[in-house]
Amino acid sequence: MTVDSDRATELRDKVVDQLKEDGTIVSPGVEAAMRKVPRHLAVPDASLDEAYSTYDAVVTKRSETGSSMSSVSAPQVQAMQLEQADIRPGDNVVEYGTNGPNAAYIAELVGGTGQVTTVDIDADAAARATRFLADTGYSGVRVLTADASGGVPEYAPFDATVVTVGAWDIPPAWREQLTEGGRLVVPLRIRNLTRTYGFVRQGDHLVSSSAHVCGFVPMQGEDAHDEQLLPLGEGVSLRFDDGPTVDPSPLGGVLRTPRAETWTGVTVGRTENIGTLQMYLATMAPGFCIMSVDPDSNTAVVEPSNKGFSMAAVHGSNFAYVLVRRTPDDKNVEYGVHAFGPDGVSFADEIADLIRAWGKEHRGGPGPRVAIYPAGTPDDRIPGDRVIVKKHSRISVSWSAA
């Protein structure tokens, strides 16, 4: 055994120990798989420390502009999704988005009586995965180069489907090729926010069983979907994710109107998880979007807490965004709202009331129940507080008290 392999084993064990300690790994099967698979062999250009960074992905391909097109996900994200998928010995599993190690983990979980198929639209990623799986003794895993949108009907039905690229919608094949009660794990973007969801098939629809905040390389091919960018001037831009193209004309000059300001009285600790607040506003606020401000802009018109990401909303000729300020004791932050437009004061109050409702009814809770119905499903068959319409799906979001 070489010094490098000794070091790799040491780092691999350290990663698993960390993930057990933080509660990401809870099952013996996932623990054993992640202790065994030598993921560093999939990223030979990375150092061992980079390959075994618990919370960081290793980028394997970039676009001409430098954005990540393919990567080996962070061990923490891989473990999270494997736990969500509840993969069992003998299962037939498909993975969409490949680079090798995750398929090997799945192969360990299904054992000798199971089947694993891993698919990528990028031939380079598929070739890297093929080499890694052959070199590490997992040559029984099928590696295919294809657009994931159509699924893999020739090897279906699947007991579990694991998607390792960010998706905006759920292609019908992903549901149709699952067994009844089968599990789909997918990083799904809803109103600009990505969560890795665990879903269970119940007849013609999928019902969520878990959700975790995450970030993934976006899906390519037939079901790729870009956000719409709407510049407001002053270096301020809004990103919208769903529905028809936003008409910018009502917002012309909105930043030149007086700014309304209100504070909610809702405070959170600096390390408190606010994922459910983000999702509550995303699904309940009208015209939800994300505001970003050019980092080189010196505008004082808007004063975001984070220039790269602020929760925002648009309604008619009005625009609002969420910000925070430190509490007098400097231990927490309080949420507030700035708004512009002819009805800026009332719109600020409307968004502030949603934040207060979250603080009173949903803070600390599990988040919403999300269900995916086929496009065309009539309204009377879809329960929930909000229905979001996409190309293939109607997504039901239901909130219950924490």
Side-chain angles (χ1 to χ4, degrees), residues 24-34 36-37 73 77-120 126 129 133 137-144 146-165 167 169-188 195-212 214 216 219 223 369-374 392-393:
T24 303
I25 291 179
V26 296
S27 65
V30 172
E31 175 184 352
M34 297 196 72
K36 182 176 179 180
V37 175
S73 296
V77 172
Q78 291 175 318
M80 180 188 298
Q81 287 199 306
L82 292 172
E83 293 287 1
Q84 287 181 294
D86 189 23
I87 296 167
R88 305 153 194 174
D91 275 354
N92 182 19
V93 181
V94 64
E95 175 192 37
Y96 296 123
T98 191
N99 254 308
N102 206 57
Y105 298 142
I106 295 170
E108 287 289 334
L109 291 168
V110 303
T113 59
Q115 299 180 68
V116 181
T117 304
T118 185
V119 183
D120 206 291
L133 292 165
Y138 297 97
S139 55
V141 175
R142 301 185 192 97
V143 182
L144 305 178
D147 189 326
S149 297
V152 192
E154 61 269 37
Y155 299 117
F158 299 106
D159 301 293
T161 297
V162 180
V163 183
T164 63
V165 291
D169 201 356
I170 304 296
W174 293 1
R175 172 183 52 81
E176 293 166 358
Q177 293 172 19
L178 274 180
T179 59
E180 179 66 17
R183 290 88 61 202
L184 168 66
V185 175
V186 55
L188 180 64
R195 305 287 187 263
T196 178
Y197 289 93
F199 289 105
V200 176
R201 179 177 180 178
Q202 295 183 3
D204 69 346
H205 64 284
L206 303 163
V207 178
S208 63
S209 56
S210 60
H212 303 292
C214 66
F216 274 83
M219 191 168 174
D223 280 301
R369 175 185 181 272
V370 176
I372 312 292
Y373 291 83
H392 302 300
S393 310

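Keep in mind it's a predicted model, so treat the numbers as computed, not measured.
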(message) Do Ile372 and His205 make a side-chain contact, defined as non-hydrogen atoms from C-beta onward lying under 4.5 Å apart?
(response) no

(message) Please find the pair of heavy atoms, one from Phe199 and one from Val370, that lie closest to each other, and give the distance.
(response) CE2-O, 3.7 Å

(message) For the residue pair Thr196 / Gln84, report whether a side-chain donor-acceptor contact shorter than 3.5 Å exists.
(response) yes

(request) Taking Asp204 for its side chain and Pro374 for its backbone only, find out whether a donor-acceptor pair lies under 3.5 Å. (result) no

(request) Side-chain contact test, heavy atoms from C-beta onward, threshold under 4.5 Å: evaluate it for Val163 versus Trp174 and give yes or no. (result) yes

(request) Any chance you could measure Asn99, atom CG, to Asp120, atom CG, to the nearest 0.5 Å? (result) 7.0 Å

(message) On a heavy-atom basis, which atom in Ala79 and which in Ile25 lie closest, and how many Å separate them?
(response) CB-CG1, 3.7 Å

(request) Answer yes or no: is there a donor N or O on one side and an acceptor on the other, between the side chain of Gln177 and the main chain of Gly150, under 3.5 Å? (result) yes

(message) Show me the pairs that pass salt bridge (Lys or Arg N to Asp or Glu O under 4.0 Å) and involve residues 152-163, at least two apart or across chains.
(response) none

(message) Between Arg183 (side chain only) and Ala160 (backbone N and O only), is there a donor and an acceptor less than 3.5 Å apart?
(response) no

Tabulate below the donor-acceptor pairs under 3.5 Å that side-chain atoms of residues 102-112 make, not counting sequence neighbours, or state none.
{"from": "Asn102", "atom 1": "ND2", "to": "Glu95", "atom 2": "OE2", "distance (Å)": "3.0"}
{"from": "Glu108", "atom 1": "OE2", "to": "Lys36", "atom 2": "NZ", "distance (Å)": "3.0"}
{"from": "Glu108", "atom 1": "OE2", "to": "Tyr138", "atom 2": "OH", "distance (Å)": "2.6"}

(message) I'd like to check Gln81 versus Pro187 (side-chain heavy atoms, cut-off strictly below 4.5 Å). Are they in contact?
(response) yes

(message) Ignoring hydrogens, what is the shortest heavy-atom contact between Pro171 and Ser149? Give both atom names and the distance.
(response) CB-O, 3.3 Å

(request) Begin with the C-alpha distance, continue with both residues' side-chain angles, and end with the deciding distance and a verdict on side chain to side chain contact (heavy atoms under 4.5 Å, CB included) for Leu178 and Leu206. (result) CA-CA 10 Å; Leu178 274 180; Leu206 303 163; 4.1 Å; yes

(request) Establish, from distance only, whether the side-chain atoms of Glu83 and Ser27 form a donor-acceptor pair under 3.5 Å. (result) yes

(request) Sequence neighbours left out, what pairs pass salt bridge (Lys or Arg N to Asp or Glu O under 4.0 Å) with at least one residue falling in residues 97-106? (result) none

(request) State, to 0.1 Å, how close Pro157 and Thr179 come at their nearest heavy-atom pair, and which atoms those are. (result) CB-CG2, 3.8 Å

(request) Starting at OG1 of Thr24, measure out to CE of Met80 and round the result to the nearest 0.5 Å. (result) 5.5 Å

(request) To the nearest 0.5 angstrom, please state how far the CD1 atom of Ile170 sits from the OG1 atom of Thr161. (result) 10.0 Å

(message) Rounded at 0.5 Å granularity, tell me how far CZ in Arg175 sits from OG in Ser393.
(response) 8.0 Å

(message) Quick check: closest heavy atoms across Val143 and Ala129, and the distance to 0.1 Å?
(response) CG1-CB, 4.4 Å

(request) Could you go through the side chain to side chain contact (heavy atoms under 4.5 Å, CB included) check for Gln78 and Val37 one step at a time? (result) CA-CA 12 Å; Gln78 291 175 318; Val37 175; over 6 Å; no

(request) Step by step, work out the side chain to side chain contact (heavy atoms under 4.5 Å, CB included) result for Val186 and Tyr96. (result) CA-CA 9 Å; Val186 55; Tyr96 296 123; over 6 Å; no

(message) Which heavy atom of Gly151 sits nearest to which heavy atom of Ala173, and what is that distance?
(response) N-CB, 3.9 Å

(message) Counting C-beta onward and ignoring hydrogens, is there a side-chain heavy-atom pair between Arg201 and Leu184 closer than 4.5 Å?
(response) no

